[in-house]
Amino acid sequence: MAAGYVSTRMVKELEPGSRVKVRGWVYRHRDLGRKVFIVLRDADGILQLVADEAYTPQKYVEEARNASIESSIIAEGVTARDPRAPGGVELRLERLEIVGPSVDFPIKGGEGIDYLLENRHLWIRSRKLTAMWRIRQTAFKAFREFFESRGFWEVSPPMLTQAAVEGGATLFKVDFFGKPAYLTQSSQFYLEALIFSLERVWTLAPSFRAERSRTRRHLYEYWHLEAEEAWVGMEGEMKLVEELVAYTTKRILEERLEELSLLKRKTEPLEPALKTPYPRIRYEEAIRRLQGKGVKIEYGDDLGADEERLLTEDFDTPFFITHFPMELKSFYMKPDPHNPREALAFDLLAPEGVGEIVGGSERQDDYQALYKQIESRGYNPEDYQWYLDLRKYGSVPHSGFGLGVERYLMWVTGVNHVRDTVPFPRFRDRIYP
RNA sequence: GCCGGGGUAGCUCAGCUAGGUAGAGCGCCGGGCUGUUAACCCGGUGGUCGGGGGUUCGAGUCCCCUCCCCGGCGCCA
């Protein structure tokens, strides 16, 4: 643009007395009569604009008076340092134009969660949610950087699929030209198919679960970071997972301190997570620890949300739980050769009560064994034909994992609900907006 | 699917346990104000009490049915 617009962030770096043009939305509006204060919001932050009869033409003082909350405006003026302005710098207006008026913006502060969710399309303009989208983007970028540096190939598995990865989970059904099809709940099987050529693959894609979960950790549509690698066992996969989490967290601490502070997230609790390895405990030990805390639980019981929360009290970093009883885990996981009752499976739990953010395992790579594991769960091996084929033609030891992006962000940012880590959360029967 | 809480003004809520035909704060509108930080001060506007049925002289309030939302559990990432 010829004259050039300056972002609210850049304005603060200019010499006082600079004449600049800015544009954005009215975040706060305070009319004192012969003086009007506007706080302008743009993608980078906020800046106070002042219309004063002393230096602003009357016409533009009027315009400033009419620039109601969330109107989009273009303004021109001279920068000035002033300790009374938020951020210490303000723009003294010489011109102001309302581009798109906003009459009676529905969000004024003090609204309840239901109303805000009904107005999510407007609520996402808030500074806190904006900070979240910026942190989220940095996480996405760090995931790519990490896998790139480890020689992984990013691949694009389908979202429309024929069958479930795990028999129990509920799928969203769609009509595929008369044939039943489902929205994917995990790309794992497709990633497994791709390792036979690319060896190390990963993807970042939505997964869909039609389970009617009503908790702060569940979305019906969530972003799933999944990776799969040939020639790697459970231990190697856990190493990859902890390094991924440590790296991504480090990048967020490097680049998004301002946003974390806007979300009132203290960074100290995140510091320990930058160092690997993370602690590992076996399922068996988790049970013993819980019994030591007075929980009525025995070997063979699943770990519920309360149990996970209790275990996270013992650690100040994410930590692994490994070697779950086979019957608690999925059919495609490989039993431990030293103790076939237990699976070579791991969960990574985030501290501060957040709980499970990653689930992974070494996969069953033997055709006959996998066939039997499918049958013993009561599933039909015919439904898994192509998946079984992978073990028939050049099978290879391999492992993989899935990370719930929103749950990870929930921990890093300290928000207490996954819905606030994604712009338009799909949960609890809510589909609008 | 289960347990708990809740639908009263545009928003947040009080009123319900002792039935008598609706209230506050904020917003909004108008006026005032030359440094505001969710500005402040004065005045005004505002509701078929989620929907349906019942009891009653009379129901926001009691009873039954139903819809919706929130918090939690299970399931999982």
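Lettering follows sequence order; numbering is per chain, from 1. All values reported here derive from a predicted model rather than from experimental measurement. What you see below is based on every heavy atom in this structure, not just the backbone, and it leaves out hydrogens, waters and symmetry mates.
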S.K.: So, is A/Arg309 close to the B/C73 phosphate, meaning a side-chain N or O under 4.0 Å from OP1 or OP2?
M.R.: yes
S.K.: Identify whether the distance between the nearest side-chain nitrogen and carboxylate oxygen of A/Glu308 and A/Arg407 falls below 4.0 Å.
M.R.: no
S.K.: Does NZ or CZ of A/Arg136 come closer than 6.0 Å to the centre of the six-membered ring of A/Trp133, within 45° of the ring's axis?
M.R.: no
S.K.: On a whole-Å scale, what distance lies between the C1' atoms belonging to B/G47 and B/C63?
M.R.: 25 Å
S.K.: Mind checking A/Val418 for me? I need base, sugar-phosphate or nothing, with any heavy atom below 4.0 Å counting as a touch.
M.R.: nothing
S.K.: Take atom CD of A/Glu70 and atom P of B/C28, then tell me their distance rounded to the nearest Å.
M.R.: 13 Å
S.K.: Considering only the C1' atoms, how many Å lie between B/G43 and B/G7, rounded to the nearest integer?
M.R.: 33 Å
S.K.: Under a 3.5 Å cut-off for both distances, is B/G1 Watson-Crick or wobble paired, and to whom?
M.R.: B/C73
S.K.: Using the C1' atom as the reference point in each nucleotide, state the distance between B/C41 and B/C26 in Å, no decimals.
M.R.: 16 Å
S.K.: Reckon A/Asp52 touches a base, only the sugar-phosphate, or nothing at all at heavy-atom distances under 4.0 Å?
M.R.: base
S.K.: Using atom P of each nucleotide, how far apart are B/G10 and B/U56 to the nearest Å?
M.R.: 34 Å
S.K.: Between A/Tyr222 and B/A77, do the rings stack, that is, sit under 5.5 Å apart with planes less than 30° off each other?
M.R.: yes
S.K.: State whether A/Glu285 and A/Arg289 are salt-bridged, where the test is any N-O pair (Lys NZ or Arg NE/NH1/NH2 against Asp/Glu carboxylate O) under 4.0 Å.
M.R.: yes
S.K.: A/Glu356 has a side chain; which of B/C76, B/G1, B/G71 sits nearest to it?
M.R.: B/C76
S.K.: Rounded to whole angstroms, how far apart are CD on A/Gln185 and P on B/C75?
M.R.: 16 Å
S.K.: If you count heavy atoms of other groups shown closer than 6.0 angstrom to CD of A/Glu271, is the number above 12?
M.R.: yes
S.K.: Using heavy atoms to find the nearest nucleotide of RNA chain B for A/Glu406 and A/Gly33 separately, return the residue whose nucleotide is more 5′.
M.R.: A/Gly33
S.K.: Is A/Arg92 salt-bridged to A/Glu90, cutoff N-O under 4.0 Å?
M.R.: yes
S.K.: On a whole-Å scale, what distance lies between the P atoms belonging to B/C69 and B/A22?
M.R.: 31 Å
S.K.: Could you give the distance separating B/G15 and B/C62 at their P atoms, to the nearest angstrom?
M.R.: 12 Å
S.K.: Taking only the side-chain heavy atoms of A/Asp306 (C-beta and beyond), determine which of B/C73, B/G35, B/C70 contains the nearest atom.
M.R.: B/C73
S.K.: Under 4.0 Å, heavy atom to any atom of RNA chain B: which of residues 96-112 of chain A qualify?
M.R.: A/Asp104, A/Lys108, A/Gly110, A/Glu111, A/Gly112
S.K.: Taking atom C1' of B/C76 as reference, at what distance in whole Å does atom CG of A/Leu171 sit?
M.R.: 13 Å
S.K.: Please pick, from B/G35, B/C70, B/C76, the nucleotide with the shortest atom-to-atom distance to any side-chain atom of A/Ile113.
M.R.: B/C70
S.K.: May I ask you to say what A/Tyr115 touches in the nucleic acid, namely base, sugar-phosphate or nothing, with a heavy-atom cut-off under 4.0 Å?
M.R.: sugar-phosphate
S.K.: Quick check: are there more than 12 heavy atoms from other residues, nucleotides or ligands sitting under 6.0 Å from CD of A/Glu145?
M.R.: yes
S.K.: Does the structure show a Watson-Crick or G-U wobble partner for B/G30, both distances under 3.5 Å? Name it, or say none.
M.R.: B/C42
S.K.: Base, sugar-phosphate, or nothing for A/Glu118, non-hydrogen atoms under 4.0 angstrom?
M.R.: nothing
S.K.: Between B/C40 and B/G1, how far apart are the two P atoms, rounded to whole Å?
M.R.: 46 Å
S.K.: Whether A/Arg217 contacts B/C73 is assessed here as follows: a side-chain N or O lying under 4.0 Å from the phosphate OP1 or OP2. Is that the case?
M.R.: yes
S.K.: Touch check for A/Leu225, heavy atoms < 4.0 angstrom, all strands: base, sugar-phosphate only, or nothing?
M.R.: nothing
S.K.: Heavy atoms only, 4.0 Å cut-off, all strands: where does A/Asp82 land among base, sugar-phosphate and nothing?
M.R.: base
S.K.: Rounding to an integer number of Å, can you tell me how far A/His218 NE2 sits from B/C70 P?
M.R.: 16 Å
S.K.: Write down the partner of B/A24 under the Watson-Crick or G-U wobble criteria, each distance required to be under 3.5 Å.
M.R.: B/U12
S.K.: Taking donor-acceptor contacts at under 3.5 Å, does the side chain of A/Gln48 reach the base of B/U36?
M.R.: yes
S.K.: Taking B/G25 as the reference, what is the distance to B/A9 when you measure between their C1' atoms (whole Å, please)?
M.R.: 12 Å
S.K.: Does A/Leu403 reach a base, just sugar-phosphate, or nothing at all? Heavy atoms under 4.0 Å.
M.R.: nothing
S.K.: Whether A/Arg216 and A/Asp420 form a salt bridge (side-chain N of Lys/Arg under 4.0 Å from carboxylate O of Asp/Glu) is what I want to check.
M.R.: no
S.K.: For A/Asp31 and B/G32, give me the distance from atom CG to atom P, rounded to whole Å.
M.R.: 10 Å
S.K.: May I ask you to verify if any side-chain N or O of A/Arg419 is less than 4.0 angstrom from the OP1 or OP2 atom of B/G71?
M.R.: yes
S.K.: How close or far is atom P of B/A77 from atom CG of A/Leu204, stated in whole angstroms?
M.R.: 16 Å
S.K.: Taking only Lys NZ, Arg NE, NH1 and NH2, and the carboxylate oxygens of Asp or Glu, determine whether A/Glu118 and A/Arg430 approach each other closer than 4.0 Å.
M.R.: yes
S.K.: Please determine, for the side chain of A/Arg212, which listed nucleotide (B/U36, B/G1, B/C73) has the closest atom?
M.R.: B/G1
S.K.: What is the distance, rounded to the nearest whole Å, between atom CG of A/Leu303 and atom P of B/C75?
M.R.: 10 Å
S.K.: Provide, to the nearest angstrom, the distance between the CG atom belonging to A/Leu117 and the P atom belonging to B/C70.
M.R.: 6 Å
S.K.: Considering just the side-chain nitrogens and oxygens of A/Arg34, establish if one lies under 4.0 Å of OP1 or OP2 belonging to B/G35.
M.R.: no
S.K.: May I ask you to decide if A/Gly17's main-chain N or O and A/Thr79's side chain share a donor-acceptor pair within less than 3.5 Å?
M.R.: yes
S.K.: So with a 6.0 Å cut-off around CD of A/Glu15, is the heavy-atom count from everything else above 12?
M.R.: no
S.K.: Salt-bridged, A/Asp42 to A/Arg23, with N to O below 4.0 Å?
M.R.: no
S.K.: From C-beta outward on A/Ala305, which listed nucleotide comes closest to its side chain: B/G74, B/C76, B/U36?
M.R.: B/G74
S.K.: Looking only at N and O atoms, is any donor in the side chain of A/Ser213 or the base of B/C75 less than 3.5 Å from an acceptor on the other one?
M.R.: yes
